[in-house]
Amino acid sequence: MIISWNTTNKCNMYCEHCYRDAGKEDSLELTTEEGKALIEEIVKAGFKIMIFSGGEPLMREDIFQLISYASNLELRPVLGSNGTLISPSTALKLKESGIKAVGISLDSLNANKHDRFRNYSGAWRDTLYGMKNCRDIGLPFQIHTTVMDWNKDEVLHITDFASAMGAIAHHTFFLVPTGRGENIEKEAVNLDDYERLLSDIMKKQKEIDIELKPTCAPQFIRIAENMGIKLRFSRGCLAGLSYCIVGPRGDVQPCAYLKEVAGNVKETDFSTIWKESKIFKDLRTLDYKGSCGRCKYKNICGGCRARAAYNNDGDYMSEDTLCIYS
């Protein structure tokens, strides 16, 4: 079971696709003590992996304290970062605090394209230094790429780059237009490119040792099964089943891209929200509508619940239209 905590809305970048619309710090963000209480509740609810993300989590002053607290409670803490703030000393502090791996965003092998997408001059250069600084001290890292129409042909090249850099994995994120991402919906890949790219990624998995995982693209499970590829993943969409997210203010959502709020940890214990919230109970029925409900792969794929909601007036149990079965 995996949970992601957007520890802060503060960020040194202003990325075009940001679902959180990150930038400035939110005055209502969870305090250190509220964060520790959340971590205790996460353990109580049975979660094993905790992602510290943002915004940019390294801009939160108590981040190392919170990571250590999670590690001491036997959670497996990992970091989701843009990588630009990972200096040699910061990489060492992350390792000493108990971080087990770092996910670092890289959207192009072309520095200008990456910097433009991230609205940050020098982002590409500083991101690569962040990767190197992790590698130099033996802190495992993986590369995260947001797939768009303008970089879809680079994805497998970025996979090769990730392997050459010493990354342990390359995870590709397919756009769900929420937050600032709504402004660039037209730049998302179309259905044909989506299916083709998922197939190409799974073929690439046969050729390379590092882990490849498409995110917000649960159909990759169907494709892998039909190709006879054995993965460590048993299901596509995990939202509300074995995954959820907590926002900077404490709002709990099934995933980052599904706007429906299950509850707030300042008002209700997280373990109670996870167990009793209506949206989580709905998602756990797997009682999908349309093509997702009829699909023979619904138990291993489930369709993207966030994309289903976005394209069907908020109905998160509806069908995911970015699928050849739709």
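In what follows, every heavy atom counts, from backbone to side chain, and hydrogens, waters and symmetry copies are set aside.
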Inspect the contact between [Y] and [X] and indicate whether a charged nitrogen and a carboxylate oxygen are less than 4.0 angstrom apart.
X	Y	answer
Arg222	Glu195	yes
Asp315	Lys289	yes
Lys204	Glu211	no
Arg60	Asp62	yes
Arg118	Asp115	no
Asp192	Arg196	no

Atom [atom1] in [X], atom [atom2] in [Y]: separation rounded to 0.5 Å?
X	Y	atom1	atom2	result
Leu92	Leu139	CG	CG	9.5 Å
His157	Phe161	NE2	CZ	13.5 Å
Cys323	Leu198	SG	CG	9.5 Å
Leu75	Ile49	CG	CD1	9.5 Å
Ile99	Met50	CD1	CE	10.0 Å
Phe141	Ile86	CZ	CD1	9.5 Å

Within 6.0 angstrom of Tyr129 OH, more than 12 heavy atoms from elsewhere: no
Report, as yes or no, whether the 6.0 Å neighbourhood of atom NZ on Lys298 holds more than 12 heavy atoms from other residues, nucleotides or ligands. yes
Do [X] and [Y] make a side-chain contact, defined as non-hydrogen atoms from C-beta onward lying under 4.5 Å apart?
X	Y	result
Lys100	Pro77	yes
Phe174	Val189	yes
Val102	Val78	no
Thr215	Phe220	no
Pro218	Cys304	yes
Asn9	Arg20	yes

Is there a chain of hydrophobic side chains (I, L, V, M, F, W, Y, each step under 4.5 Å between heavy atoms) that links [X] to [Y]?
X	Y	result
Tyr19	Ile2	yes
Tyr288	Phe280	yes
Leu156	Leu212	yes
Leu175	Trp150	yes
Val252	Leu28	no

Ignoring hydrogens and angles, state whether a donor on the side chain of [X] or [Y] is under 3.5 Å from an acceptor on the partner side chain.
X	Y	result
Ser81	Glu56	yes
Ser68	Ser71	no
Asn82	Asn12	yes
Asp320	Gln219	yes
Thr321	Asn311	yes
His170	Thr145	yes
Thr127	Thr84	no

Begin from the C-alpha positions of Glu25 and Arg249 and carry the test salt bridge (Lys or Arg N to Asp or Glu O under 4.0 Å) through to its verdict. CA-CA 11 Å; Glu25 182 177 0; Arg249 294 185 172 197; over 6 Å; no
Keeping [X] on the side-chain end and [Y] on the backbone end, is there a donor-acceptor pair under 3.5 Å?
X	Y	value
Gln142	Ala162	no
Asp21	Gly179	no
Thr159	Val155	yes
Arg305	Gly240	no
Glu34	Thr31	yes
Arg307	Cys216	yes
Gln253	Leu258	yes
Lys10	Asp26	no
Asn264	Lys266	yes
Ser97	Lys93	yes

Option passing side chain to side chain donor-acceptor pair (under 3.5 Å) with Ser271 (candidates Glu40, Glu41, Glu276): Glu41
Name the orientation class of the two ring planes belonging to Phe270 and Trp274 (parallel below 30°, tilted from 30 to 60°, perpendicular beyond 60°). parallel
Kindly assign one of parallel, tilted or perpendicular to the pair Phe52 and Trp5, based on the angle between their ring planes and the thresholds 30° and 60°. tilted
Which pair of heavy atoms, one from [X] and one from [Y], lies closest together, and at what distance?
X	Y	value
Ile273	Thr268	CD1-O, 3.6 Å
Arg180	Cys15	NE-O, 2.8 Å
Pro214	Ile201	CG-CG2, 4.2 Å
Ala123	Met13	CB-CE, 3.5 Å
Tyr325	Cys295	CD2-SG, 4.2 Å
Leu283	Pro254	CD1-CB, 3.7 Å

Passes side chain to side chain contact (heavy atoms under 4.5 Å, CB included), Asp107 versus Asn151? Steps please. CA-CA 7 Å; Asp107 303 304; Asn151 71 349; 4.2 Å; yes
Is the distance between the ring centroids of Tyr310 and Tyr257 under 6.0 Å? no
For the residue pair Tyr120 and Tyr14, is the inter-centroid distance of their aromatic rings smaller than 6.0 Å? no
Using the side chain to side chain contact (heavy atoms under 4.5 Å, CB included) rule, take Met59 and Leu85 through it: C-alpha gap first, then chi angles, then the decisive distance, then the call. CA-CA 9 Å; Met59 297 191 77; Leu85 303 179; 3.7 Å; yes
Could you check Leu286 against Asn299 for side chain to side chain contact (heavy atoms under 4.5 Å, CB included), going step by step and ending with a plain yes or no? CA-CA 8 Å; Leu286 307 188; Asn299 291 325; 3.4 Å; yes
Starting from the C-alpha separation in whole Å, work towards a yes-or-no answer on side chain to side chain contact (heavy atoms under 4.5 Å, CB included) for Leu106 and Leu128. CA-CA 9 Å; Leu106 183 72; Leu128 264 60; 3.9 Å; yes
